[in-house]
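The structure appears right after this line, and notes come after that.
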Amino acid sequence: MQRLADTDRERSTTESEQIIFDSLRWLGIDWDEGPGVGGPYGPYTQMERLPLYREHAERLVREGRAYRCWCTREELQGQREALKAKDPKAEFRYPGTCRDRRDEPAGPSVVRFRTPTAGALTYRDMVFGEVTTPNSAQQDFVLLRSDGIPLYNFGAVVDDVTMDISIVARGRDHMVNTPPQIMIYEALGARVPGFAHLPMMLNQKGAKLSKRDGAVGVFEYRDLGYAPDAVLNYLVRFGWSHGDQEVFSKAELVQAFNWEACGRGDGKFDAKKFLAIDHEHLKSARLVPDDEYARRTVPFLHARGRTSATEEAVKRALYMIRERATTFADAALRLDFVFRDAPEVDPEAARKFLGAEGAARLAGLVLALDGLDGSAWTEPALEACMSAFLAEKGLEIKDVAQAARVALTGKTASPGLFQVMWVLGRDATLARLRAGVELGQRA
RNA sequence: GGCCCCGUCGUCUAGCGGUUAGGACACUGGCCUCUCACGUCGGUAACACGGGUUCAAGUCCCGUCGGGGUCGCCA
């Protein structure tokens with residue numbers, strides 16, 4: 001179920017909502033009921049559920065569990081500042097001005113919860129265990145704003161109750177909301193759901209992650225070329241463990257996840273570890289099948305200007321970069337040379353490997369390779385042909401490999417030579433090698 | 001400051017009274033090798049500190065220190 005907390009009219013926009021929905025979908029997290037989809041517990045956006053909150057708030061007022069408060073925001077703010085001026089360390093609490101008020105003045109009012117003044121509240125957190133908070137730590141918090149829009153704690157609880165929610169799982173920063181929420185469940189006479197709080201992911205400095213900490217949104221990793229399952233894997237495995245296993249498919253995650261194995265200590269985000277997990281996924285055809293790999297890589301190739309790249313062609317070339325590429329964007333970078341008419345030769349690489357001597361050897365190689373016809377253009381045949389050529393010339397593969405690599409790919413680092421030749425095909429291979437020979441002769 | 005939570009290598013973590021404290025990432029030495037990777041063998045590196053309890057404590061209890069969360073008519 002997807003439920004939207006859109007009661008903050010400032011922050012909740014169509015764009016922000018869209019980002020939430022799209023991020024979740026991209027991660028492969030879907031829902032059966034929700035905004036736009038409908039379902040038996042709708043409506044699913046809080047702004048469409050306003051009558052429900054009002055109804056529950058009125059009931060609590062009627063039963064004496066809550067009361068109306070006519071104190072204005074300005075009055076409260078004034079009191080807050082006055083206290084702060086007197087004692088900077090003091091904590092401002094609503095003084096209970098309207099708690100026992102009998103009259104009902106005109107003008108806007110909020111609904112406040114009547115919190116117990118003594119005692120303590122204990123609940124059993126599914127990951128932290130027993131947590132006890134003195135009721136004195138609570139104040140008469142607001143349930144419903146003067147405009148009838150509920151505050152988070154109230155809206156969430158009314159929704160949980162009316163939507164039969166069984167487990168509330170969220171970040172540890174919500175732990176302080178739990179006691180007031182439980183008070184509301186109980187005042188409403190509702191079953192209290194299970195609560196599971198999860199440790200937080202902090203930045204490298206150990207503070208709450210924010211936009212200033214670089215890439216923190218799901219979409220940023222999508223754009224960086226991460227695999228959705230790898231993102232999910234890193235996120236879920238963060239603060240949860242399953243023995244020594246750390247690479248999981250989405251299905252395995254769903255199967256293995258449990259609250260008991262969740263850790264309690266906060267952790268720091270580690271970009272390198274995250275990348276390594278993505279690399280593990282991209283290396284595995286089980287985790288990222290060829291079709292998906294090609295489908296996700298093509299857009300990155302197009303973005304690089306390699307518009308001739310097709311899924312079919314990428315799928316065929318993929319095997320030679322499987323172990324090397326850490327992201328789909330990286331895969332596009334490594335496959336780039338395949339989809340160019342001619343490789344973009346790195347001048348430094350050419351200077352080093354494509355001199356007169358390199359050209360001469362390449363020329364010999366071209367001659368040898370030219371003897372292979374199209375139907376014999378296979379990796380083993382290519383390798384055998386190379387061996388014969390080397391034997392005849394009394395050379396070692398070291399002596400020609402780099403020159404050939406630069407001529408074929410433009411770079412000094414690439415997939416295996418014979419893989420490159422096979423992927424490029426006979427015509428492109430010979431053409432590039434000949435171009436390399438010319439380049440070397442001119443040098 | 002009040003209230004709540006946390007504390008094993010740099011990082012993510014295993015450990016649930018008796019372990020040479022394990023794995024992964026990162027770093028690093030070797031091997032493999034046509035380059036880069038992959039793979040593989042090895043290395044550096046941790047129980048915050050102090051008291052208890054116990055024959056025995058990373059594991060249980062208390063305290064100290066350190067870190068984090070939260071104190072709104074935000075979520």
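The chains referred to below are lettered A, B, ... by the order of the sequence lines, with proteins before strands, and numbering in each begins at 1.
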As a quick check of understanding, evaluate side-chain hydrogen bond (donor to acceptor under 3.5 Å, both in side chains) for D22(A) and Q18(A), giving each step before the final call.
CA-CA 6 Å; D22(A) 293 348; Q18(A) 206 55 47; 3.2 Å; yes
Mind checking the [atom1] distance from [N] to [M]? Whole angstroms is fine.
| N | M | atom1 | result |
| --- | --- | --- | --- |
| rC38(B) | rA26(B) | P | 8 Å |
| rA24(B) | rC60(B) | C1' | 30 Å |
| rA21(B) | rC47(B) | P | 12 Å |
| rU20(B) | rG15(B) | C1' | 15 Å |
| rG29(B) | rU54(B) | C1' | 44 Å |
| rC61(B) | rG17(B) | C1' | 14 Å |
| rG23(B) | rC16(B) | P | 16 Å |
| rG69(B) | rA14(B) | C1' | 26 Å |

Please collect all side-chain hydrogen bond (donor to acceptor under 3.5 Å, both in side chains) contacts where either partner lies in residues 382-398 of chain A, sequence neighbours excluded, each pair once.
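Sorted result for residues 382-398 of chain A: empty, none.
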Return each pair, listed once, that meets side-chain hydrogen bond (donor to acceptor under 3.5 Å, both in side chains) where at least one residue sits in residues 229-240 of chain A; pairs must be two or more places apart or across chains.
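Every pair satisfying side-chain hydrogen bond (donor to acceptor under 3.5 Å, both in side chains) with a residue in residues 229-240 of chain A: N233(A)-H281(A), W240(A)-N258(A).
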If you look at every strand shown and take non-hydrogen atoms under 4.0 Å, does [X] touch a base, only sugar-phosphate, or nothing?
| X | result |
| --- | --- |
| V110(A) | base |
| C71(A) | base |
| T132(A) | sugar-phosphate |
| P415(A) | base |

Give the rounded distance in Å between these two atoms: [atom1] of [X] and [atom2] of [N].
| X | N | atom1 | atom2 | result |
| --- | --- | --- | --- | --- |
| E10(A) | rG72(B) | CD | C1' | 13 Å |
| H279(A) | rA37(B) | NE2 | P | 10 Å |
| L198(A) | rC6(B) | CG | C1' | 14 Å |
| K268(A) | rU13(B) | NZ | P | 12 Å |
| I277(A) | rU11(B) | CD1 | C1' | 12 Å |
| R334(A) | rC36(B) | CZ | P | 12 Å |
| E74(A) | rG72(B) | CD | P | 16 Å |
| E260(A) | rU13(B) | CD | P | 17 Å |

Checking [X] now: which residues fulfil ring pair (Phe, Tyr, Trp, His ring centres under 6.0 Å) with it, not counting sequence neighbours?
| X | result |
| --- | --- |
| F92(A) | none |
| F141(A) | F113(A) |
| F154(A) | none |

[N] pairs with which nucleotide, Watson-Crick or G-U wobble, both distances below 3.5 Å?
| N | answer |
| --- | --- |
| rA46(B) | none |
| rG66(B) | rC6(B) |
| rA24(B) | rU11(B) |
| rC71(B) | rG1(B) |

Taking only the side-chain heavy atoms of K283(A) (C-beta and beyond), determine which of rG39(B), rA26(B), rC3(B) contains the nearest atom.
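That would be rG39(B).
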Choose from rC73(B), rU11(B), rA26(B) the nucleotide whose nearest atom is closest to any side-chain atom of D270(A).
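The closest nucleotide is rU11(B).
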For RNA chain B, which residues in residues 230-239 of chain A have a heavy atom at a distance below 4.0 Å?
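Residues of residues 230-239 of chain A under 4.0 Å from RNA chain B: R237(A), F238(A), G239(A).
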Could you check which residues of residues 148-163 of chain A get a heavy atom under 4.0 Å from RNA chain B? Sort them by number, please.
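The answer is P150(A), L151(A), Y152(A).
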Pairing residues for R432(A) by the salt bridge (charged side-chain N to carboxylate O under 4.0 Å, His left out) criterion, not counting sequence neighbours:
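Residues passing salt bridge (charged side-chain N to carboxylate O under 4.0 Å, His left out) with R432(A): none at all.
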Can you sort out the partners of D399(A) under side-chain hydrogen bond (donor to acceptor under 3.5 Å, both in side chains), two or more places apart, ordered by chain and number?
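Checked D399(A) against side-chain hydrogen bond (donor to acceptor under 3.5 Å, both in side chains); zero matches.
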Donor-acceptor pair present, K273(A) side chain and rA24(B) base, under 3.5 Å
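Result: at least one qualifying N/O pair found.
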Does any donor-acceptor pair link the side chain of R264(A) with the base of rC5(B) at a separation under 3.5 Å?
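Donor-acceptor pair under 3.5 Å: no.
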Residue whose nearest RNA chain B nucleotide is more 5′ - L417(A) or A261(A):
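First, find each residue's nearest nucleotide; the 5'-ward one identifies A261(A).
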Need to verify one output field. Residue with the more 5' nearest nucleotide on RNA chain B, R405(A) or T133(A)?
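Closest to the 5' end, via its nearest nucleotide, is T133(A).
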With side-chain hydrogen bond (donor to acceptor under 3.5 Å, both in side chains) as the test, pick out the partner of Q77(A) among E74(A), E81(A), R73(A).
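Only match with Q77(A) under side-chain hydrogen bond (donor to acceptor under 3.5 Å, both in side chains): E81(A).
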Under-4.0 Å salt bridge between R361(A) and E357(A):
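A salt bridge is present here (some side-chain N lies under 4.0 Å from a carboxylate O).
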Is the shortest side-chain N/O distance from S241(A) to OP1 or OP2 of rA14(B) below 4.0 Å?
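Yes.
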If only side-chain N and O atoms of S12(A) are considered, is one of them under 4.0 Å from the OP1 or OP2 phosphate oxygen of rA75(B)?
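No, no such contact exists.
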Just checking, R3(A) and W31(A): is the charged tip under 6.0 Å from the six-membered ring centre and within 45° of the axis?
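So R3(A) doesn't make the cation-pi contact.
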Establish, yes or no, whether the cationic atom of R405(A) lies under 6.0 Å from the six-membered ring centre of F353(A) and within 45° of the ring axis.
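No, R405(A) does not sit over the ring of F353(A).
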For residues 197-204 of chain A, dump all side-chain donor-acceptor pairs below 3.5 Å to protein atoms at least two apart in sequence or in another chain.
from, atom 1, to, atom 2, distance (Å)
H197(A), ND1, D125(A), OD2, 2.6
H197(A), NE2, R170(A), NH1, 3.3
H197(A), NE2, T178(A), OG1, 3.2
N203(A), OD1, K205(A), N, 2.8
N203(A), OD1, G206(A), N, 2.9
N203(A), OD1, A207(A), N, 2.9
N203(A), ND2, D213(A), OD1, 3.1
N203(A), ND2, D213(A), OD2, 3.2

Please list, chain by chain and in numerical order, all residues satisfying side-chain contact (heavy atoms from CB on, under 4.5 Å) with A376(A), sequence neighbours excluded.
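Listed in chain order: L372(A), D373(A).
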Taking only N/O atoms, report every protein-nucleotides 65-71 of chain B pair under 3.5 Å with atom names and distance.
from, atom 1, to, atom 2, distance (Å)
rG68(B), O2', R172(A), NH2, 2.7
rG68(B), O2', D266(A), OD2, 3.2
rG68(B), N2, R172(A), NH1, 3.1
rU70(B), OP1, K208(A), NZ, 2.4
rC71(B), O2', E91(A), OE2, 2.9

